[in-house]
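To start, the structure itself, in structure tokens.
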Amino acid sequence: MSSIRELNARELAEFEPDLSSRFAKALFMQGEGQIDNRQLLKAFRHELEYRVNWISNACVEVAPYSVSVQNTKDEFSLVIDCRGLSAKNDLPALRRLEANLLLSQRPGHTLTTDSLYASRFPIYIVPRQNSKYLIGATSFESGDMRGVTVQSTFELLSAAVSLHSGFALAEIVELRSNRRPAFLDNNPRIVISLD
Ligand SMILES: Cc1cc2nc3c(=O)[nH]c(=O)nc-3n(C[C@H](O)[C@H](O)[C@H](O)COP(=O)(O)OP(=O)(O)OC[C@H]3O[C@@H](n4cnc5c(N)ncnc54)[C@H](O)[C@@H]3O)c2cc1C
């Protein structure tokens, strides 16, 4: 369970010494966690590959009680459709949001919390293994499928450096742009289709 506590400058200096000269207060979300999505997906695959009928790189067609893949249609009592934006035909309310994120590597490891959200700058910074930091994410309504733009890179980098000057010397390991599905209220939703 996550509980939120306001930190004063002295307490912030104990948690994140490198940030205390720039911020007089902060919010600490005790119990707030994060998962490395890439590690999680690898672990899922490792666990599931030999336990289920695992088919890779195939386009599926889903219906409430059937899945068709590679010219074979199988019936099921429950089908969970996880096609993301590709389910838009069945869920017209789904909209496409573009997000950009950046992975950087910094010598040393001076951010200790699981994740850091900045209120003055719209970013989060999440320490990952091997002194890597995930910095994300710009988010805007997307009409096309462009790659990473100069503007979003600029916004992410300047926010990161404003938050912690050490990022000015960071090596950029990865810059990524992608589209994510969202409903109008941005809340996750389970939609049950019976026919
Ligand atoms: C740059 C970026 C940063 C983000 N950062 C965060 C973050 O820090 N924290 C967070 O919680 N969320 C984050 N998100 C959002 C998160 O990634 C999405 O909310 C999540 O991936 C949506 O999951 P999904 O399974 O609904 O769709 P997707 O992740 O889009 O997965 C759908 C999958 O289905 C496959 N597929 C589609 N159609 C078919 C078909 N017919 N047959 C077979 N396969 C098909 C697609 O190839 C895809 O692999 C971020 C998103 C982006 C783009």
Side-chain angles (χ1 to χ4, degrees), residues 2 29 31-46 48-49 52-74 76 78-104 111 113-119 121-129 132-157 159-160 163 167 172-193:
S2 176
M29 288 176 239
E32 163 86 346
Q34 54 105 354
I35 48 170
D36 185 321
N37 50 342
R38 293 178 183 180
Q39 287 184 351
L40 178 75
L41 289 175
K42 259 192 208 158
F44 274 159
R45 180 171 186 155
H46 181 75
L48 288 174
E49 211 165 8
V52 299
N53 181 19
W54 181 280
I55 301 167
S56 297
N57 300 319
C59 186
V60 298
E61 277 175 42
V62 289
Y65 301 105
S66 71
V67 174
S68 306
V69 55
Q70 293 166 345
N71 298 324
T72 308
K73 183 174 177 179
D74 287 305
F76 298 95
L78 180 69
V79 171
I80 300 176
D81 180 355
C82 310
R83 288 173 299 155
L85 281 167
S86 299
K88 190 167 169 50
N89 281 350
D90 298 316
L91 290 172
L94 264 189
R95 67 197 227 278
R96 188 163 78 171
L97 280 183
E98 179 173 341
N100 290 245
L101 61 78
L102 188 148
L103 200 62
S104 80
L111 293 176
T113 36
D114 275 343
S115 49
L116 201 72
Y117 303 87
S119 59
F121 321 104
I123 59 163
Y124 53 80
I125 297 177
V126 188
R128 288 275 156 91
Q129 275 183 325
K132 289 204 175 86
Y133 292 87
L134 181 72
I135 302 169
T138 53
S139 178
F140 42 94
E141 303 289 333
S142 169
D144 54 26
M145 286 297 285
R146 286 178 310 169
V148 183
T149 59
V150 171
Q151 184 180 340
S152 58
T153 309
F154 180 73
E155 281 170 13
L156 282 178
L157 289 175
L163 195 68
F167 281 107
I172 297 172
V173 181
E174 189 178 320
L175 268 168
R176 182 171 288 269
S177 168
N178 214 332
R179 311 296 174 273
R180 66 183 169 86
F183 289 106
L184 208 55
D185 56 8
N186 289 322
N187 284 332
R189 197 174 302 164
I190 294 174
V191 179
I192 299 176
S193 257

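Both counts, for ligands and for their atoms, begin at 1 and track the order of listing.
Atom NZ of Lys88 is surrounded by more than 12 heavy atoms from other residues, nucleotides or ligands within 6.0 Å. Within a 6.0 Å radius of CG in Leu40, more than 12 heavy atoms belonging to other residues, nucleotides or ligands are found. Around CG of Leu184, the count of heavy atoms belonging to other residues, nucleotides or ligands within 6.0 Å does not exceed 12. Other residues, nucleotides and ligands contribute at most 12 non-hydrogen atoms within 6.0 Å of the CD atom of Glu61.
Judged by distance alone, the side chain of Arg128 and the main-chain N or O of Tyr133 form no donor-acceptor pair under 3.5 Å.
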Exercise. Can Glu174 and Arg38 be said to form a salt bridge (charged side-chain N to carboxylate O under 4.0 Å, His left out), step by step?
Worked result: CA-CA 14 Å; Glu174 189 178 320; Arg38 293 178 183 180; 2.6 Å; yes

For ligand 1, run through the N/O pairs with the protein that fall under 3.5 Å and put one pair on each line.
residue  : atom   : partner : partner atom : Å
ligand 1 : 5 (N)  : Tyr124  : OH           : 3.0
ligand 1 : 8 (O)  : Tyr124  : OH           : 2.7
ligand 1 : 34 (O) : Cys82   : O            : 3.4
ligand 1 : 38 (N) : Ser86   : OG           : 3.1
ligand 1 : 41 (N) : Val60   : O            : 3.0
ligand 1 : 42 (N) : Val60   : N            : 2.8

